Structures are given as structure tokens and as C-alpha cells.
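Start at 1 and go down the list; that is how both ligands and their atoms are numbered. Just so it is clear, the structure is predicted and the values come from calculations on it, not from any experiment.
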Amino acid sequence: MSTDIPLLRVEGLRKHYAAPRRWLARPQPPVQAVDDVSFTIARGETLSLVGESGCGKTTTAKSVMRLVEPTAGAVWLDGQDLLRLGPAQMRERRRDVQIIFQDPYASLSPRLKAGEIVAEPLGNYGSTSAAERRERVRWLFGKVGLRPEAIDKYPHEFSGGQRQRLGIARALALQPKLIVCDEPVSALDVSVQAQVVNLLMDLQAEFGIAYLFVAHDLSVVRHISHRVAVMYLGRIVELADRDTLFAAPRHPYTQILLSAVPVPNPRTPAQRLLLQGDPPSPANPPAGCRFHTRCPLAQPVCREQAPPLSPREAAGADGAPREHLVACHFR
Ligand code: SF4
């Protein structure tokens, strides 16, 4: 497969949920959880999706794997549109895309031993013998920093961080090209979060895995990401490489989000910007720019015309041009 094309290309992804019909009530509009989302991920790259709860980042990530079935769009993996695949073909491609969930305890079967949990995908997909599977599971335990004797323990005997390491070992078992990380450290103690994030980065460096990383903790996102996409009410409003986005955010929503990130130097006064009001309902998003009801810079045109996500000039520290996409009429 050519390495010129991105590993993952998502185009015009939509996920609309039909509202439940109530007797004698007027039909309600669908909930636009994800609306016209496009991005790419290169091999070995981490793209993070950030935004408030309910902005559509988790739905986007799960749609990529078809854990929720998208309403429209295309999801190209290695040049093959996953949304056009039948169940058997999709099952085969799933070995290339694995997922790590937010709550490791809920995602691990309490009735299986740790070794069986990690061996399960190998048994489902591979033609390996039981002895080969045992050997591979031991190797995977070593790779994620679990002791070999932990193979015979049950999930409840592990700490939260160890359970997430177990989830990572299971995701790694089939040597995937892409791992969807759905808030993988937000349920962990702060002291353990850094260990798990560093483990993910080490595994990426060793195996060239790409990550689609969903998170709301911007300090974690800054540490792990190569590129970051900011979502608001089902759409991407800004997308740039990590350094550009954190150094010079352009979209007013991104600027407000990033103002909440703690600054490393306590002598530098933090200028915290506050987001006004609640996000509108995705069943009835505002016309024009979806952020206009909360934007401090909104003008009349913002209520009428939706700004496209379009390129801006940006350069890195070396002067080389960088990707920077913004959906705003004035930024
Ligand atoms: Fe704010 Fe208008 Fe830009 Fe939307 S288009 S972010 S409302 S200034």
C-alpha cells in the first residue's frame, strides 16, 4: 500500500440520530451529533479531537470504527472506504483499527483472566496455536509494563492504571495500524495518567501506530498530539498541528478553551476567558456559524452564513508552512 496517502481519511462524516416519536406530538428534528466532519491521520501520527461534552468527538471516533453507523460520509483506511464494506469485510478490517475505552473496568470481562482477555482477539482472528497465543500474550504483557504472573489474575485484582494497561495490551494484540483512544486516561488518577500517556507514546514510537485521541484534558492533548482538531456542536472549527494551535489559536472558541489550560510558569498571569451560556441543542443548532450564540466577536453575518473550515497562513519555528484550518468569518 502506498505511503503517500494518509492512513485514515474521513470525509463529510455525519451522524444524525432520529428523535423518538411521541404519540400525537409533532415530529422532532434529528440530533446532529456529527455534521460534515473531515480530517486525515498519517501513519504513526496522533490526531486529538477536543471540545466540550456533547460536541461529537466520541461519536466521530466511534463512527470511524462503525461502532456507531454513520449517516453519511466516507472513512478511507489505507485507501479503502470502510463504510462501503459488508459485515465480513468489515470484520476483517477491524483488526487494523482497535479501540481503548475510557473506563477500563467496564470494557474488560470480569469473568475472564487477564491473559484470556488479551488472547481473545488473537483467537478470534488468528490461526495461531494455543502455545503461540500464550507466548504472544506474555510478550504483550511485557510491552505494556505488566508482570507475567498477572496473566492469571482477574480484572478486579488490578489497579485502574493496570487495567488500562491490560486494555492497551488487548488493543495491541492484532498489531493494528490505528487505535481509537476514547478518553483513555480521564478515569485514572493524575499520577497514573502520565504513565499511561507515556506508554502510549512509547508504543507509537516502537510500532508506528496512529492514534485518534479523544480527550477533554488539554494538558494531556498538548503532550501526546501531533495535530489537534477542535469540535463545537458536531463540527470541526479549527485544526492545526499541536504547536501552532496552542501557540496561536485563531477561532474564538479555541481561544476560550485554551485559556483554561494551566500555564507552566506561575509568574505568567493566566488570562482565563469564560464561555458564556450553555451549548445549543444539536437537535436545533443555530443557523450560520453554530458558535454565534456564545461568540464574543459575533457579527450579523455570523447568524446567516456558516463559515467554511478553510486554510490560514501558518509557519512553524523553522519557517516551513504548516496546516491551519479555521471556520470563522473574521479569524
Ligand atoms: Fe464568532 Fe462569527 Fe467567527 Fe463564528 S464566524 S466564531 S460567530 S466571529
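Short contacts between ligand 1 and C328, defined as distances under 4.0 Å to a heavy atom of the residue, involve ligand atoms 3 (Fe), 5 (S), 6 (S), 8 (S). Taking every non-hydrogen atom of P252 and a distance limit under 4.0 Å, the qualifying atoms of ligand 1 come out as 6 (S). Taking a cut-off of under 4.0 Å to the non-hydrogen atoms of F330, the atoms of ligand 1 that pass are 8 (S).
Considering all non-hydrogen atoms of both residues, A61 and V214 come closest at CB-CG2, 3.6 Å.
When distances to atom 4 (Fe) of ligand 1 are checked against a cut-off of 2.8 Å, C289 contributes an N, O or S atom below that limit. Under 2.8 Å from atom 2 (Fe) of ligand 1 lies an N/O/S atom of C302, whether from backbone or side chain.
Hydrophobic cluster membership differs between I41 and V221, with clusters built from Ile, Leu, Val, Met, Phe, Trp and Tyr side chains linked at under 4.5 angstrom.
Judged by the shortest distance from any of its heavy atoms, H251 lies inside the 4.0 Å radius around the atoms of ligand 1. At least one heavy atom of H329 sits closer than 4.0 Å to an atom of ligand 1.
Donor-acceptor pairing under 3.5 Å is recorded for the side chains of H324 and E238.
Taking the six-membered ring where tryptophan is involved, the planes of Y253 and H251 are perpendicular, since the angle between them exceeds 60° and thus also 30°.
Here D78 pairs with R43 in a salt bridge; the nearest charged N to carboxylate O distance falls below 4.0 Å.
Given atom 1 (Fe) of ligand 1, the protein heavy atom at minimum distance is C295 SG, 2.3 Å.
Between atom CZ of residue R235 and atom CZ of residue R290 there is a gap of 4.0 Å, rounded to the nearest 0.5 Å.
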